[in-house]
Peer 1: 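Here's a structure for you.
Below, chains carry the letters A, B, ... as their sequence lines are ordered, and counting in each starts from 1.
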Protein chains: 2
Amino acid sequence: MESLSQTEENYLKAIFKICENEDKPANTNAIASELQMTAAAISDMLKRLSSKELVHYKRHYGVTLTEHGSQIAKTLIRKHRLWEVFLCDVLNFTWDEVHEMAEQLEHVQSSELIFRLDRFLGRPKFDPHGDPIPDADGNFEMRKQIALSALQENESGVVVGVDEHSSAFLQYLDQMHLGLGVKVKVLEIYKFDNSLKISLGAGKELTISNKVSENLLVQKK
Amino acid sequence: MESLSQTEENYLKAIFKICENEDKPANTNAIASELQMTAAAISDMLKRLSSKELVHYKRHYGVTLTEHGSQIAKTLIRKHRLWEVFLCDVLNFTWDEVHEMAEQLEHVQSSELIFRLDRFLGRPKFDPHGDPIPDADGNFEMRKQIALSALQENESGVVVGVDEHSSAFLQYLDQMHLGLGVKVKVLEIYKFDNSLKISLGAGKELTISNKVSENLLVQKK
DNA sequence: TAATATTTTTAAGTTTGCTTAAAAATATTT
DNA sequence: AAATATTTTTAAGCAAACTTAAAAATATTA
Ligand SMILES: [Mn+2]
Ligand SMILES: [Mn+2]
Ligand SMILES: [Mn+2]
Ligand SMILES: [Mn+2]
């Protein structure tokens with residue numbers, strides 16, 4: 001059970017992220033773009049990950065994680081999201097500030113540390129961005145959520161997550177008071193550009209672009 | 001202000017540790033032994049650290065930290081010790097369990113993180129082993145402490161630190177209830193091997209070897 | 001001082017993880 | 001199907017951070 005380098009861990013996470021939505025193998029260019037590296041570097045690493053049996057790799061056919069590789073990726077995601085909860089809930093960082101620190105903290109090696117951190121935080125099920133935190137076995141709690149853009153006029157929902165994680169978007173949401181847990185109702189859909197007039201919990205009205213409503217996840221109410 | 005690799009940071013810490021007691025430059029073999037590496041690797045790295053102006057290096061004459069290098073080393077020690085406090089005080093690890101995790105956590109890069117962690121922990125001045133935590137400017141709060149072995153018969157002191165940090169020693173101290181804050185009195189010194197009969201706060205008596213008393217730091221009372 | 005021992009540096013080579021450039025495989029158009 | 005475009009892999013090379021072995025510098029001892 002030789003432990004992996006941070007670099008190797010980042011490759012597994014990238015492959016997991018690409019594969020988790022679509023059910024097909026991750027292709028080299030997608031990984032290269034995710035990790036901001038050249039395709040050549042990816043090909044190179046895939047061979048090494050394959051020889052360690054962390055990925056199923058056949059040249060020109062894309063790559064998938066083995067069960068072992070997948071387990072490692074899920075543990076990394078668990079650690080990342082637990083640390084984000086720690087940073088927001090305990091150290092009072094805002095949700096747009098925590099990702100880079102969590103990228104580093106997730107590589108700290110100690111399963112006991114993560115067990116205790118989880119317990120200290122009260123075994124949270126979701127991170128500050130509404131993303132589910134897998135349990136110690138890698139099981140995600142799935143939630144029925146849809147993009148706000150999928151609601152019809154007069155339908156309501158509660159904000160439970162975001163599809164886009166950039167600081168710019170998160171800060172925009174803060175400014176508009178569109179954080180997690182806020183109840184929104186679609187008052188009007190402007191067909192021209194699919195922008196929305198919505199009302200927030202406190203009766204305030206707001207117009208948001210389609211790009212915003214597509215990246216804001218709500219639970220229908 | 002190119003940021004340093006974890007490896008480079010570890011070299012600076014090692015040099016600092018070697019130089020902090022004695023006032024002479026650190027020699028190659030001492031660093032090699034501290035980092036468990038060959039002398040050749042050290043020579044190699046010293047050239048690179050020197051070109052980055054983190055150390056004063058002249059071949060065959062040993063090495064010292066520049067002001068910049070020293071500042072980085074002190075920040076690392078600050079981070080290491082604050083994380084150790086976090087692990088013990090918040091996550092309830094014991095003092096013999098935290099060092100390895102802190103070795104990793106100290107390399108997480110974010111001055112805001114360490115500022116907030118320090119504030120959350122109540123700006124502690126000492127870590128779980130009694131070692132002083134430098135402030136944000138790198139200033140250590142010094143304490144007048146001596147080895148228990150330096151006490152005369154009938155003199156008393158309070159345990160405030162350890163000179164040896166191995167798990168084995170720390171666990172031994174736990175077993176003997178010789179943790180930080182415990183009041184000890186030297187009842188008898190056995191000249192033959194310099195072992196001591198001491199009494200603890202609760203009136204209990206105990207015999208300890210010279211090796212133990214030399215590594216146990218007390219504040220004379 | 002000369003011989004010997006120790007310490008430090010240099011030289012050469014390895015592994016990891018990247019790069020650019022070229023070649024090869026696969027996919028898309030015409 | 002042939003031509004063209006895209007994707008992926010291979011080849012060659014580089015930098016960081018190590019190793020072992022040999023050489024050089026310094027220190028100790030006779
Ligand atoms: Mn994140
Ligand atoms: Mn997140
Ligand atoms: Mn420590
Ligand atoms: Mn400590």
Peer 1: Check the distance between C:dT7's P and B:I18's CD1 and give it to me in whole angstrom.
Peer 2: 14 Å
Peer 1: With a 4.0 Å cut-off on heavy atoms, is A:S43 in touch with a base, just the backbone sugar-phosphate, or nothing at all?
Peer 2: base
Peer 1: From the set C:dT20, C:dT9, D:dC18, return the single nucleotide nearest to any side-chain atom of B:T7.
Peer 2: D:dC18
Peer 1: Just the rounded figure in Å: distance from P of D:dT9 to CZ of A:R59.
Peer 2: 9 Å
Peer 1: Return the nearest nucleotide to the side chain of A:A40; candidates are C:dA21, D:dT20, D:dC18.
Peer 2: C:dA21
Peer 1: For the pair made of CG in B:L35 and P in D:dC18, what is the distance, rounded to whole Å?
Peer 2: 8 Å
Peer 1: Which of parallel (below 30°), tilted (30 to 60°) and perpendicular (above 60°) describes A:F16 and A:F140?
Peer 2: parallel
Peer 1: Checking contacts here: which listed nucleotide (D:dT9, C:dT9, C:dC18) is nearest the side-chain heavy atoms of B:A39?
Peer 2: C:dT9
Peer 1: Which of these nucleotides, D:dT8, C:dT19, C:dT8, is closest to any side-chain atom of B:N29?
Peer 2: C:dT8
Peer 1: Given D:dT8, D:dA25, C:dC18, which nucleotide is nearest the side-chain atoms of B:H60?
Peer 2: D:dA25
Peer 1: Nearest to the side chain of A:R48, heavy atoms from C-beta on, is which of D:dT9, C:dT10, C:dT16?
Peer 2: C:dT16
Peer 1: Whole-Å distance between D:dA17 C1' and B:E9 CD?
Peer 2: 15 Å
Peer 1: For D:dT9, does either OP1 or OP2 sit under 4.0 Å from a side-chain N or O belonging to A:Y57?
Peer 2: yes
Peer 1: Which one, D:dT8, D:dC18, C:dT8, comes nearest to the side chain of A:T28?
Peer 2: D:dT8
Peer 1: Are OP1 or OP2 of D:dA27 and a side-chain N or O of B:Y61 less than 4.0 angstrom apart?
Peer 2: no
Peer 1: Just name whichever nucleotide pairs with C:dA3, Watson-Crick or G-U, keeping both distances under 3.5 Å, else none.
Peer 2: D:dT28
Peer 1: Taking the six-membered ring for Trp, are B:F86 and A:W83 parallel (under 30°), tilted (30 to 60°) or perpendicular (over 60°)?
Peer 2: tilted
Peer 1: Across the strands shown, which category fits A:D44 at heavy-atom distances under 4.0 angstrom: base, sugar-phosphate, nothing?
Peer 2: base
Peer 1: I'd like to know if A:K13 and A:E106 make a salt bridge, using a cut-off of under 4.0 Å between side-chain N and carboxylate O.
Peer 2: yes
Peer 1: Please state how far atom OH in B:Y11 lies from atom C1' in D:dA17, giving the value in whole angstrom units.
Peer 2: 7 Å
Peer 1: Whole Å only: how far is the CD atom of A:Q6 from the P atom of C:dT16?
Peer 2: 16 Å
Peer 1: Would you mind checking if A:D118 and A:R78 are paired as a salt bridge, meaning a charged N to carboxylate O distance below 4.0 Å?
Peer 2: yes
Peer 1: Measure from CG on A:N27 to C1' on C:dA25 and round the result to the nearest Å.
Peer 2: 14 Å
Peer 1: Nearest whole Å is fine: how far is D:dA17 C1' from B:K47 NZ?
Peer 2: 13 Å
Peer 1: Could you check whether any side-chain N or O of B:R81 sits under 3.5 Å from a backbone N or O of B:P132, counting only pairs where one atom can act as donor and the other as acceptor?
Peer 2: yes
